Peer 1: 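Mind looking over this structure? Questions follow.
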2 protein chains.
Amino acid sequence: MTRICKDGFNREFIQEKPKMYGIAYTQNILSGRWKYLILWFLKTKKRRYSEIKAFLGNISQGSLTKQLRGLEADGIIKRKVYPNIPPRVEYSLTSKGEALIPIIDLMGEFGIEFGEKG
Amino acid sequence: MTRICKDGFNREFIQEKPKMYGIAYTQNILSGRWKYLILWFLKTKKRRYSEIKAFLGNISQGSLTKQLRGLEADGIIKRKVYPNIPPRVEYSLTSKGEALIPIIDLMGEFGIEFGEKG
DNA sequence: CGGTATCCCTAAAGATACTG
DNA sequence: CAGTATCTTTAGGGATACCG
């Protein structure tokens with residue numbers, strides 16, 4: 001008889017739960033195709049909405065806005081609006097967001113070593 | 001006039017392409033809800049199909065099989081079948097798969113530090 | 001310039017039933 | 001035990017049109 005926690009993780013592995021939750025949490029806030037690349041683009045400096053869009057190339061406006069709002073809601077990036085006409089909006093990493101950069105760097109290195117040549 | 005590569009990345013950032021491809025590649029082979037947790041569970045030793053299923057708790061058989069086949073196709077895990085009745089199948093990391101463990105460990109640490117308590 | 005709002009499409013995941 | 005097969009549901013993302 002299996003005994004499953006309400007969260008879905010088996011009780012047998014209860015000692016592993018914090019790490020599992022950590023992994024699931026991180027995976028969740030980075031879910032989707034674009035967030036890793038957006039954060040990596042913000043790694044060196046703050047960027048405008050239009051710069052991010054140009055960097056990603058073929059993302060739609062709707063998707064980009066959704067990604068940015070999601071990252072902001074999770075405390076990963078900051079959004080600063082300059083009330084000009086035309087408007088100017090800059091995005092930058094929070095300290096929480098900066099803590100994700102080593103993960104993304106490792107992912108880049110792994111892909112360079114093991115991925116098909118692009 | 002923006003000039004976009006066929007791959008969607010803007011030419012302005014052509015020097016960054018290897019890293020971006022690396023990130024996108026890694027993200028792609030780890031896409032989905034379960035792969036990080038499966039790899040982390042295989043970190044210490046090989047595991048049977050039923051062990052993985054028990055560990056994950058509420059994954060469906062269909063989804064688990066799809067995840068495992070995907071990881072195998074990408075060279076991340078090995079699948080070994082013992083032709084017994086009843087059958088016994090063991091999964092283990094390849095060296096490529098082991099190279100992903102530091103990434104997953106970092107994700108776990110990030111989640112423990114910054115995630116909501118679970 | 002930096003968005004919203006709406007609709008559509010696809011891939012990922014889940015439920016259920018069946019099998020060598 | 002370790003799957004397959006089928007169907008349904010859901011989330012992510014894209015296209016398009018419009019707005020302050």
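Everything numeric here is computed off the predicted structure, so don't read it as measured data.
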Peer 1: Send over the distance from A/Arg79 CZ to C/dC1 P, rounded to a whole Å.
Peer 2: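 Rounded to the whole Å, the gap is 16 Å.
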
Peer 1: Compare side-chain N and O positions of A/Ser50 against OP1 and OP2 of C/dG2 and report whether any pair is under 4.0 Å apart.
Peer 2: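 Yes, within the criterion.
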
Peer 1: Salt bridge check, A/Glu90 against A/Arg48: does any charged N sit closer than 4.0 Å to a carboxylate O?
Peer 2: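 Here A/Arg48 does not pair with A/Glu90 in a salt bridge, since their nearest N and O are not under 4.0 Å apart.
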
Peer 1: What is the distance, rounded to the nearest whole Å, between atom CZ of A/Arg69 and atom P of D/dG13?
Peer 2: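 Interatomic distance, CZ of A/Arg69 to P of D/dG13: 16 Å.
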
Peer 1: OP1 or OP2 of C/dG3 less than 4.0 angstrom from a side-chain nitrogen or oxygen of A/Tyr91, does that happen here?
Peer 2: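 The answer is yes; a side-chain N or O of A/Tyr91 sits under 4.0 Å from OP1 or OP2.
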
Peer 1: Which part of the nucleic acid does B/Ser63 contact within heavy-atom distance under 4.0 Å: base, sugar-phosphate only, or nothing?
Peer 2: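 Base contact - B/Ser63 has a heavy atom under 4.0 Å of at least one base atom.
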
Peer 1: Please check the phosphate of D/dT4 (OP1 and OP2 only) for any side-chain N or O of B/Tyr49 closer than 4.0 Å.
Peer 2: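 The answer is no; no side-chain N or O of B/Tyr49 sits under 4.0 Å from OP1 or OP2.
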
Peer 1: Determine the sole option in A/Ile77, A/Leu71, A/Ile101 for which the side-chain contact (heavy atoms from CB on, under 4.5 Å) test with A/Leu42 is passed.
Peer 2: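 Single side-chain contact (heavy atoms from CB on, under 4.5 Å) partner of A/Leu42 among A/Ile77, A/Leu71, A/Ile101: A/Ile77.
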
Peer 1: Find the distance B/Tyr36:OH to C/dA13:C1' and express it as a whole number of Å.
Peer 2: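 Going from OH in B/Tyr36 over to C1' in C/dA13 covers 17 Å.
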
Peer 1: If the condition is side-chain hydrogen bond (donor to acceptor under 3.5 Å, both in side chains), which residues does B/Lys96 pass it with, not counting sequence neighbours?
Peer 2: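 Applying side-chain hydrogen bond (donor to acceptor under 3.5 Å, both in side chains) to B/Lys96 gives B/Tyr25.
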
Peer 1: Have a look at A/Ser60 and say if it touches a base, only the backbone sugar-phosphate, or nothing, with a 4.0 Å heavy-atom cut-off.
Peer 2: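 Answer is base: heavy atoms of A/Ser60 come under 4.0 Å of a base.
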
Peer 1: Taking atom C1' of C/dA13 as reference, at what distance in whole Å does atom CG of B/Asn58 sit?
Peer 2: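 Checked: the CG to C1' distance equals 11 Å.
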
Peer 1: Closest-nucleotide mapping onto DNA chain D: is A/Leu64 or B/Val81 further toward the 5' terminus? I mean the 5' end.
Peer 2: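 It is B/Val81 whose nearest nucleotide is closer to the 5' end.
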
Peer 1: What is the distance, rounded to the nearest whole Å, between atom CD1 of B/Ile29 and atom C1' of C/dA12?
Peer 2: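 Taking CD1 of B/Ile29 and C1' of C/dA12, I get 17 Å after rounding.
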
Peer 1: Quick one: B/Tyr82 OH to D/dG3 P, roughly how many Å, whole number?
Peer 2: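 One finds 13 Å between P of D/dG3 and OH of B/Tyr82, rounded.
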
Peer 1: Among D/dA2, D/dG14, C/dG14, which nucleotide has an atom closest to any side-chain atom of B/Arg48?
Peer 2: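 Between D/dA2, D/dG14, C/dG14, the one nearest the side chain of B/Arg48 would be D/dA2.
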
Peer 1: Within less than 4.0 Å of OP1 or OP2 of D/dA2, is there a side-chain N or O belonging to B/Thr65?
Peer 2: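 Checking D/dA2 against B/Thr65, no side-chain N or O comes under 4.0 Å of OP1 or OP2.
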
Peer 1: Do we see a donor-acceptor contact under 3.5 Å between the side chains of A/Arg47 and A/Tyr91?
Peer 2: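 On atom types as modelled, these side chains do not qualify, holding no pair under 3.5 Å.
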
Peer 1: What is the distance, to the nearest angstrom, from the CZ atom on B/Arg88 to the P atom on D/dG3?
Peer 2: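 Those two atoms, CZ and P, are 13 Å apart.
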
Peer 1: Of B/Lys66 and B/Gln61, whose nearest nucleotide on DNA chain D comes first from the 5' end?
Peer 2: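 First, find each residue's nearest nucleotide; the 5'-ward one identifies B/Gln61.
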
Peer 1: Assess whether a salt bridge exists between A/Glu51 and A/Lys53, defined as any Lys/Arg side-chain N lying under 4.0 Å from an Asp/Glu carboxylate O.
Peer 2: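 Looking at A/Lys53 together with A/Glu51, the answer is no, because their closest N to O distance does not fall below 4.0 Å.
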
Peer 1: Check the distance between D/dA11's P and A/Asn28's CG and give it to me in whole angstrom.
Peer 2: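 Distance, rounded to whole Å: 11 Å.
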
Peer 1: By nearest heavy atom, map B/Gly62 and B/Gln67 onto DNA chain C; which one lands nearer the 5' end?
Peer 2: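 Counting from the 5' end, the first nearest nucleotide belongs to B/Gln67.
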
Peer 1: Does a side-chain N or O from A/Arg33 land closer than 4.0 Å to OP1 or OP2 of D/dG14, or not?
Peer 2: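 Checking A/Arg33 against D/dG14: at least one side-chain N or O falls below 4.0 Å of OP1 or OP2.
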
